[in-house]
Amino acid sequence: MELVAEFFAVKNYALAETLQSGQAFRWKPSGAGWESVLQKRWVYLEQTPEGFEARTTHPPEDWDWLRNYLQLGVDIDAVIASFPDDPHMKAAVEACRGLRLLRQDPWECLASFILSSTKQIVQIQQIIRLLCARYGSPLDPSAVHPHDAAFPTAAQIAGATEDGLRGCKMGFRAPYLLATARRVADGAVDLEALRGMTMEEAEARLLELPGVGEKIAQCVLLFAYDFPRAFPVDVWVRRAVVELYFPRRRPSPARLRRFIATHFGPHAGYAQQYLFHYMRTQTARRGPRG
DNA sequence: CACCAGGGTACCT
DNA sequence: AGGTACCATGGT
């Protein structure tokens, strides 16, 4: 078994924060870096002063799959420069300059966020670990960690039972994941077709799926597709926007939606991720109410 | 023990 | 359109 290594030069890429920022759930610390499984490949990443080093099995013809996943072509300074010029966004950027958005596989992203509802990130990671081990295809036995498995396909989950999925600790989310997996597996929904749609069309398709509401739809649009204005609003982001921008009187849901849709600019999704990270690290272990 | 977690759904006004 | 109970599970 042979490992292949490659160096990537990149500035302002906060690798650790990005991989643990609640977008993707399969990265775990390993040595001086991080490891995960992308598609059918085991991957290791380690930050260096000039960028980072990547290692993988199965010599790839090229590294485009990793460049795309890590979004190395994004000019993060231009993205940050597009944020609204207000003290709250400045503080969020200062808290972690270099936080990035990943570009994930649509099915893995969709399934992962169906499992995310009212769960803490560590628990989502645990559920997905069980799901992959029990339903995903094992990687090549010559891999670095022969027990690692790919994220299960929609067809693999569609072939499971609700009780079997509940055995992965996902509770009431099991019937949602099962029903959505069946719709994807039988072709009732084509996740690839969403790439050519407007954000509104793509969101409408996602909202048809069981267990997918506005928040999860926005997560998939932002983390798996190319919709930079998608803006997932979870409890942390809602708290951030309300406390920072509406300190006196809490806004009506309609007012809040209108503000979010207009205030954060063409890269609103990045702004959201900075606010999420800022809020979560500032108030870590201090309790939700601060 | 009470409360919370990258929510969605059914059902109420 | 806006509000609420309920849905499992594990952590604090």
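So you know, we letter chains A, B, ... as the sequences are listed, proteins then strands, and number each from 1. Basis for what follows: all heavy atoms, side chains included, without hydrogens, waters or symmetry-related copies.
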Could you state the atom-to-atom distance from [atom1] of [X] to [atom2] of [N] in whole Å?
{"X": "A/Leu110", "N": "B/dG8", "atom1": "CG", "atom2": "P", "value": "11 Å"}
{"X": "A/Glu214", "N": "B/dG6", "atom1": "CD", "atom2": "P", "value": "19 Å"}
{"X": "A/Met279", "N": "B/dG6", "atom1": "CE", "atom2": "P", "value": "13 Å"}
{"X": "A/Phe113", "N": "B/dG7", "atom1": "CZ", "atom2": "P", "value": "9 Å"}
{"X": "A/Gln20", "N": "B/dG6", "atom1": "CD", "atom2": "P", "value": "13 Å"}
{"X": "A/Gln120", "N": "B/dG7", "atom1": "CD", "atom2": "P", "value": "10 Å"}
{"X": "A/Trp27", "N": "B/dG6", "atom1": "CH2", "atom2": "C1'", "value": "20 Å"}
{"X": "A/Arg239", "N": "B/dC3", "atom1": "CZ", "atom2": "C1'", "value": "12 Å"}

| Would you call the rings of A/Tyr270 and A/His267 parallel, tilted or perpendicular, where under 30° means parallel and over 60° means perpendicular? |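 Plane angle over 60°, so perpendicular.
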
| said: Angle between ring planes, A/Phe83 versus A/Tyr274, binned at 30° and 60°: parallel, tilted or perpendicular? | reply: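 Aromatic pair A/Phe83/A/Tyr274 classed perpendicular.
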
| request: Could you work out the separation of C/dG2 and B/dA5 based on their C1' atoms and round it to a whole Å? | output: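 My reading of the C1' atoms in C/dG2 and B/dA5 gives 23 Å.
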
| field | Rounded C1' spacing from C/dG3 to B/dG6 in Å | value |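 Looking at atom C1' only, C/dG3 and B/dG6 are 22 Å apart.
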
Quick one: does [X]'s side chain get under 4.5 Å of [Y]'s, heavy atoms only?
{"X": "A/Leu72", "Y": "A/Tyr13", "answer": "yes"}
{"X": "A/Glu46", "Y": "A/Arg55", "answer": "yes"}
{"X": "A/Arg257", "Y": "A/Pro253", "answer": "yes"}
{"X": "A/Phe151", "Y": "A/Ser112", "answer": "yes"}

Taking the side chain of [X] as its heavy atoms from C-beta onward, which of [options] lies nearest to it?
{"X": "A/Tyr176", "options": "C/dG2, B/dG6, B/dT9", "value": "B/dT9"}
{"X": "A/Ser117", "options": "B/dG7, B/dG6, C/dG2", "value": "B/dG7"}
{"X": "A/Gln123", "options": "B/dG7, B/dG6, C/dT9", "value": "C/dT9"}
{"X": "A/Ile216", "options": "B/dG8, B/dG6, C/dA8", "value": "B/dG8"}

| query | Just wondering, are more than 12 heavy atoms of other shown residues or ligands nearer than 6.0 Å to CD in A/Glu50? | reply |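 Counting other residues, nucleotides and ligands, CD of A/Glu50 stays at 12 neighbours or fewer.
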
| query | Tell me, which of residues 246-254 of chain A have any heavy atom that sits under 4.0 Å from an atom in DNA chain C? | reply |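 By residue number: A/Pro253, A/Ala254.
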
So what does [X] hit on the nucleic acid, given a heavy-atom distance under 4.0 Å: a base, only sugar-phosphate, or nothing?
{"X": "A/Gln218", "result": "nothing"}
{"X": "A/Ser112", "result": "nothing"}
{"X": "A/Gln126", "result": "nothing"}
{"X": "A/Phe223", "result": "base"}
{"X": "A/Val233", "result": "nothing"}
{"X": "A/Gln125", "result": "nothing"}

| said: Stacking between B/dG6 and A/Phe276, yes or no? Criterion: centroid separation under 5.5 angstrom, plane angle under 30 degrees. | reply: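 Check passed, A/Phe276 stacks on base of B/dG6.
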
| request: Search all heavy atoms of A/Ser21 against all heavy atoms of A/Gln273 and return the closest pair with its distance. | output: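 Where A/Ser21 meets A/Gln273 most closely, the heavy atoms are O-NE2, 3.1 Å.
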
Output yes when [X] and [Y] qualify as a salt bridge under the 4.0 Å nitrogen-oxygen rule, no when they do not.
{"X": "A/Glu203", "Y": "A/Arg205", "answer": "no"}
{"X": "A/Asp226", "Y": "A/Arg103", "answer": "yes"}
{"X": "A/Glu162", "Y": "A/Arg166", "answer": "yes"}

| query | 5'-most contact on DNA chain B: A/Gly211 or A/Lys119, nearest heavy atom basis? | reply |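 The residue mapped nearer the 5' terminus is A/Lys119.
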
| Donor/acceptor link under 3.5 angstrom from A/Gln273 side chain onto base of B/dG6 |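 Yes, a donor-acceptor pair under 3.5 Å.
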
Are OP1 or OP2 of [N] and a side-chain N or O of [X] less than 4.0 angstrom apart?
{"X": "A/Lys169", "N": "C/dG10", "value": "yes"}
{"X": "A/Arg255", "N": "C/dG2", "value": "no"}
{"X": "A/Arg173", "N": "B/dA5", "value": "no"}

| query | Based on Watson-Crick and G-U pairs with both distances under 3.5 Å, what dot-bracket line describes DNA chain C 5' to 3', crossing pairs as [ ] and inter-strand pairs as |? | reply | |||||||.||||

| field | 5'-most by nearest nucleotide on DNA chain C - A/Val122 or A/Thr118 | value |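 Its nearest nucleotide being more 5', the pick is A/Thr118.
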
